[in-house]
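Notes follow once the structure below has been shown.
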Amino acid sequence: MMTQQRPRSLEAMPTGLADAVAEARVQVAGLHAELPRWGLVVWTAGNVSQRVVADRERGPGPDDLLVIKPSGVSYDDLTPRSMIVCDLHGTVVDGDGSPSSDTAAHAYVYREMPHVGGVVHTHSTFATAWSARAEPIPCVLTMMADEFGGPVPVGPFAVIGDDSIGRGIVETLRTSRSPAVLMQNHGPFTIGADARAAVKAAVMLEECARTVHLAGQLGATVPIAGDMVDALYERYQHVYGQAGGDASPRIGNGDA
Ligand SMILES: O=C(CO)[C@@H](O)[C@@H](O)COP(=O)(O)O
C-alpha cells in the first residue's frame, strides 16, 4: 500500500541526484514512444519506469527514486517534464498529476530486486492472450533461449493498486532467468538492468508470444534441450552484439 509520506522536494536533494532525475526523465519519456512504435499498446495501456540510484557510491537502495509516466496521458503528450518522480513506496516526490496506476507494482519490484533498474508493463496482444490462458510460453525458439533463458512464466492473478501485482512479479521472477512474467488475466510485466532493457524484453516477448502461438496453430511445437537453452542464453547475454556487447546492460535475476 502506498504510504502518504511528506513528498521530498528535488530542490532539497544533492545536485547529482537532481541531475540524474533529469536524465531519467528524458530517457523514460523517450522510451514510452517505443510502446506504440512496436505495437505493444492501445490508447494509454502501458507504462515504463526507471530507477534513479540515490547514492551511486553505495549503489541501489531503499532511498532510490523511480521515474514513471503520469496515468492515462496519451503517449503523444508525454514529455520529460511530464514524467513523475516517486520514492520506492510510490509517494510523489516531484511532478504534476497522478503517477501511473501501476506505480505500486513498479515500486515493489525496485524495493525487492535491487539489480532491477527498469520495469515495463503492457497489454500487448499475444502476450496478454497467453496471460488469459495462464499458460507459460514454452521455450521452443532460439530467440526465447537468447532473451528469456527458458519459458516465460505465469504470475498469479492480482488486483491493481497495492503491492499484490508487485509481489506476484517478484515471487515469480525470483526463480526464473526470464526478464518477463505473464500476470494471469492481466498481461506482461518485464524487468531489465535499465528501462531500455525492460522495453527490449517487452518487444521480444510480444514477438515470441505471437510466433509460438502461430506455431501451435500448425501443430505440436518442439522444445529445445535444456543444455542448448543454457548455451544460447550465455552466448546472447555475454557475447551478442558489438564488441562491447549489446547496448542493453545485462540483468541476473538474483536466485535464478
Ligand atoms: O491495466 C491497467 C489498468 O487496469 C493499466 O496498466 C493501464 O491502463 C495503464 O495505466 P496508466 O496509464 O499507466 O495508469
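Please read all numbers here as calculations on a predicted model, not as lab measurements. Numbering of ligands and ligand atoms starts at 1, following listing order. We count residues from 1, following the sequence as given.
When only non-hydrogen protein atoms are considered, atom 12 (O) of ligand 1 lies nearest to Gly72 N, 2.8 Å. At the shortest separation from atom 1 (O) of ligand 1 among protein heavy atoms lies His123 NE2, 2.8 Å. Of the protein's heavy atoms, Ser100 OG, 2.6 Å lies nearest to atom 13 (O) of ligand 1. The nearest protein atom to atom 4 (O) of ligand 1, hydrogens excluded, is given as Ile160 CD1, 4.0 Å; this is a heavy-atom distance. Taking atom 9 (C) of ligand 1 as the reference point, the nearest protein heavy-atom neighbour is Thr44 O, 3.5 Å. Counting only heavy atoms of the protein, atom 8 (O) of ligand 1 lies nearest to Ala45 CA, 4.1 Å.
Note on Arg167 versus Glu112: no salt bridge recorded, every NZ/NE/NH1/NH2 to OD/OE distance being 4.0 Å or above.
Listed for the Lys69 side chain is no donor-acceptor partner under 3.5 Å among the backbone atoms of Thr79. In terms of modelled atom types and a separation under 3.5 Å, the side chain of Thr103 and the main chain of Ser100 share a donor-acceptor contact.
Annotation for ligand 1: atoms under 4.0 Å from non-hydrogen atoms of Asp102 are 5 (C), 6 (O). Proximity to Asn47 (heavy-atom distance under 4.0 Å) selects the following atoms of ligand 1: 6 (O), 9 (C), 13 (O). Applying the 4.0 Å criterion to heavy atoms of Ser71 picks out, from ligand 1, the atoms 11 (P), 12 (O), 14 (O). Close contacts of ligand 1 with Lys69, meaning ligand atoms under 4.0 Å from a residue heavy atom, involve 11 (P), 12 (O), 13 (O). Close contacts between ligand 1 and His186 involve ligand atoms 1 (O) [criterion: under 4.0 Å to a heavy atom]. Each of the following atoms of ligand 1 lies closer than 4.0 Å to a heavy atom of Ser101: 5 (C), 10 (O), 11 (P), 13 (O), 14 (O).
Between Ser49 and Leu66 the shortest heavy-atom distance is CB-CD1, 4.5 Å. Taking both residues in full, the closest heavy atoms of Pro188 and Leu205 are given as CB-CD2, 3.3 Å, listed atom of the first, atom of the second, then distance. The two residues Val152 and Ala180 come nearest to each other via the heavy atoms CG1-O, 3.6 Å.
His106 and His121 have their aromatic ring centers separated by at least 6.0 angstrom.
A cation-pi arrangement, defined by a distance under 6.0 Å to the six-membered ring centre and an angle within 45 degrees of its axis, is present between Arg177 and Tyr233.
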